[in-house]
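Quick notes on the structure that follows.
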Amino acid sequence: MDTKITDVSQMFERFQAAFARKDYNTCTTLLSELKVLLTEFKSLPPLFQETPNNIRELTLARDIYEYAVVLSVKIEDQDTFERDFFQLKPYYTDSRGRLPPSAQEYPILGLNLLRLLVQNRIAEFHTELELLPPNALENPCIKHAVELEQSFMEGAYNRVLSARQTVPHETYVYFMDLLAKTVRDEIAGCSEKAYDSLSMKDARQMLLFSSDQELTEYINEEHPEWEIKNGFVFFQRSKDATPCKEIPSLQLINQTLSYARELERIV
Amino acid sequence: MTQDIEMEQRPTPSNSIATNSPSALQHLKDIASLVETGAYTREVRRIARAIRSTIQLRKNLTTSVLSAFLNFVLVPGSEVYSRLLSYLPKEDENDMEVDSATSSVQAPAKHSLPEIEIYCYLLVLIFLIDQKKYSEAKACSSASISRLKNLNRRTVDVLASRLYFYYSLSYELTGDLAELRGSLLALHRIATLRHDELGQETLLNLLLRNYLHYNLYDQAEKLRSKAPRFEAHSNQQFCRYLFYLGKIRTIQLEYTDAKESLLQASRKAPASALGFRVQCNKWAIIVRLLLGEIPERTVFMQKGMEKALRPYFELTNAVRIGDLELFKTVAEKFSITFSSDRTNNLIVRLRHNVIRTGVRNISISYSKISLADVAKKLRLDSPNPVADAESIVSKAIRDGAIDATLDHANGWIVSKETRDIYSTNEPQIAFNSRIAFCLNMHNEAVRALRFPPNSHKEKESAEKRRERHQQEQELAKHIAEEDDDEF
């Protein structure tokens, strides 16, 4: 058993070295080998067998998965992130009694919250949030994500964007950039409904573009129904609920007939 | 989270219960014979009645009564007998002798039915829990569960479902709910295989409760959506199910469905289950606030709930006015209550509803107002209040909370004139949906009228029944053939 642990730790050291010099391709290959090796440890979830080395094995496995999550952010792969995170999660939830808490726990949980926010999976965001103990909300990493969600729901998009400057962890930057794009789409959706027209300059500022060129491209791509005229952007607003001119007679007849039928059944 | 326990404790009508112990013993004997006849005639309803009357006797149980009863119904010296007796605390011998003397008057049953055996387990378990002897209760319940796994009788199901409940309760009281999960899942599987619907219902609720105790909403929802559903057998279990369902849906932001389940749960719950109804109401109030509704004052004035709902009343008030400062003070003032109710995170979500109400109030009162004033009125504490106000208002417009237009160049909002609603089809649609609701309600009420099977005719023999089935089938075939002919 001990030889296995040494094997894994040695390979993990090589992985860390590759990670430090940002050789992510090597990291990925090493990681899949590590994961295969980890399956031989009986003390890991879901078995949780009591073996003499179980604490060491658990800690090692947890470290490996933590690195895996961070790696997936570095290579900007959200699906891998999700998979690795779910593999890591039992080490936080089900091994609380066995292992001392990891220093990486809250940064990674916060990262996951941010990911759910970026992917607009708000229901899952709240489900994850409920799992955290009350004092965890004080942690800067978690608090960051929670406040972002609030600002996002309120519509205070400026606050979301300025939060990029105050990220608690360097890995957060990737998701914050993605969030900026989500925010732009949201702002565009809101502006469309709220304004009749905007000057090009204002629209550019609001949608966070640096040049009119970019703005025009964005409009052509995402919102072809908007119209650009004399330096203004006109939103084609759908006219809703005009007073009815006709009586929807067929519908009324159907309804009245169904009432009659139901009443017949009652009386 | 005591509402479930309270649900069990009905106020016992004092006239039906004598106070001295010998007649409590007599009652128990009556119940035992009820269980026995129920077992012989295979009538589950009798056993259900036996359990109801046991709950009424609950307060009168003492060690001596119990040991005398065990002595009477079980074979002394048998394994069950000695095991159950070992759980009971020792008491003075005199009392016991008197009781066993009275019991010897009647002919003691020499054989013990499995139903009686399980009933004894249940009785001892209830007693142990009432006496707060939780570790004994745990041992007793585990023993009873392992016995139950070997029994496959429909008449035991009712008793078993009660046992499951106390099994889980005894573990919850000692705080070891997590270790029970595997065992409950196994029991649920067994109940499903045996088509024991009442057991499935009870166990599903216990599992949901187990998950929700640890805030595992994801697992709870996965189990709930995969578990087989059927028409509810027990009202209490159905209420609980609705409550748990409501909680899960609230967390997952399905507020409309959550509101429906929570309100239904609080309406269906028996009047005596006050704790449960208070809990339902608390959640329902928050869900309604999150939906942008303001609950009526009568909700907070329900009998026996005023005090418990007080924090939620003040919260509602803050949301109604749309005052962010007041909202913050209330949330801080009652933060202990909210965190013990585990509604803290939901209240954090309410913040944006408060702002929304504020925006709506402003838009109703002014036909044109500058964004700087809006920011001041909303008391937004941010470095750039005007820009924040602008984006908040524009989101409110998109979500349909207010009907207005923004003018960016001049920095103001123009509210639109409210148009004449009666010139549209909307009143017609609203009227139709209400009529449809009433008609639907009537139809469901008619469908829900239940008749006990075969209550109106004599018991038919197996042969007669087979004959009747055959006739019915033939008739059905004829009708089907006729249908075919027609087309």
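Values below: every heavy atom of this structure, side chains too, minus hydrogens, waters and symmetry copies. Below, chain A is the first sequence line, B the second, and so on; all start at residue 1. This is a predicted model, so every value here is computed, not measured.
The existence of a salt bridge linking Lys181(A) and Asp185(A) is confirmed by a sub-4.0 Å separation between a basic side-chain nitrogen and an acidic carboxylate oxygen. A salt bridge between Arg356(B) and Asp399(B) is present, with a side-chain N of the basic residue lying under 4.0 Å from a carboxylate O of the acidic one. For Lys377(B) and Asp373(B), the salt-bridge test fails: no basic side-chain N is under 4.0 Å from an acidic carboxylate O. Ionic pairing of Glu105(A) and Lys89(A) is not present here: no N-O contact between side-chain nitrogen and carboxylate oxygen is shorter than 4.0 angstrom. Ion pair Glu264(A)/Arg261(A) not flagged as a salt bridge, since none of the NZ, NE, NH1 or NH2 atoms sits closer than 4.0 Å to an Asp/Glu carboxylate oxygen.
Within the 4.5 angstrom heavy-atom criterion, atoms from both the backbone and the side chain of Leu216(B) approach chain A. Of the atoms belonging to His408(B), heavy atoms from both backbone and side chain fall under 4.5 Å from chain A. For Leu132(A), no part lies near chain B; criterion is any non-hydrogen pair under 4.5 Å. Only the side chain of Leu137(A) comes within contact range of chain B, judged by heavy atoms closer than 4.5 Å. Heavy atoms of Asn443(B) lying under 4.5 Å from chain A belong exclusively to its side chain. Residue Tyr422(B) does not touch chain A at all, counting heavy-atom pairs closer than 4.5 Å. With a 4.5 angstrom heavy-atom cutoff, Glu186(A) touches chain B via backbone and side-chain atoms both. Residue Glu130(A) touches chain B through both its backbone and its side chain, counting heavy-atom pairs closer than 4.5 Å. At a 4.5 Å heavy-atom cutoff, the contact between Leu198(A) and chain B is made by side-chain atoms alone. With a 4.5 angstrom heavy-atom cutoff, Val359(B) does not touch chain A via any of its atoms.
Figure legend: cation-pi geometry between Arg184(A) and Phe209(A), with NZ or CZ positioned under 6.0 Å from the six-membered ring centre and within 45° of its axis.
Interface remark: of the candidates Gln252(B), Gln428(B), Glu221(B), Arg349(B), Arg349(B) forms the most heavy-atom pairs closer than 4.5 Å to chain A. Taking chain A as the reference chain and counting heavy-atom pairs below 4.5 Å, the highest number among Leu253(B), Leu406(B), Leu346(B) is found for Leu406(B). Interface remark: of the candidates Met206(A), Glu262(A), Glu154(A), Glu154(A) forms the most heavy-atom pairs closer than 4.5 Å to chain B. Contacts with chain B were tallied for Ile266(A), Ile122(A), Leu129(A); Ile266(A) has the most, counting heavy-atom pairs under 4.5 Å. Taking chain A as the reference chain and counting heavy-atom pairs below 4.5 Å, the highest number among Val393(B), Ile413(B), Ile392(B), Asp407(B) is found for Ile392(B). For the options Glu128(A), Glu124(A), Arg159(A), heavy-atom pairs under 4.5 Å to chain B are most numerous at Arg159(A).
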message: Determine whether Tyr259(A) and Asn254(A) satisfy the following criterion, side-chain hydrogen bond (donor to acceptor under 3.5 Å, both in side chains), listing intermediate values before the conclusion.
response: CA-CA 9 Å; Tyr259(A) 301 154; Asn254(A) 275 334; over 6 Å; no
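Under a cut-off of 6.0 angstrom, the local environment of CD in Glu179(B) is crowded, with over 12 non-hydrogen atoms contributed by other residues, nucleotides or ligands. The environment of Ile336(B) atom CD1 is sparse: at most 12 non-hydrogen atoms of other residues, nucleotides or ligands sit within 6.0 angstrom.
The line from CH2 of Trp226(A) to CD1 of Ile219(A) is 6.0 Å long, rounded to the nearest 0.5 Å.
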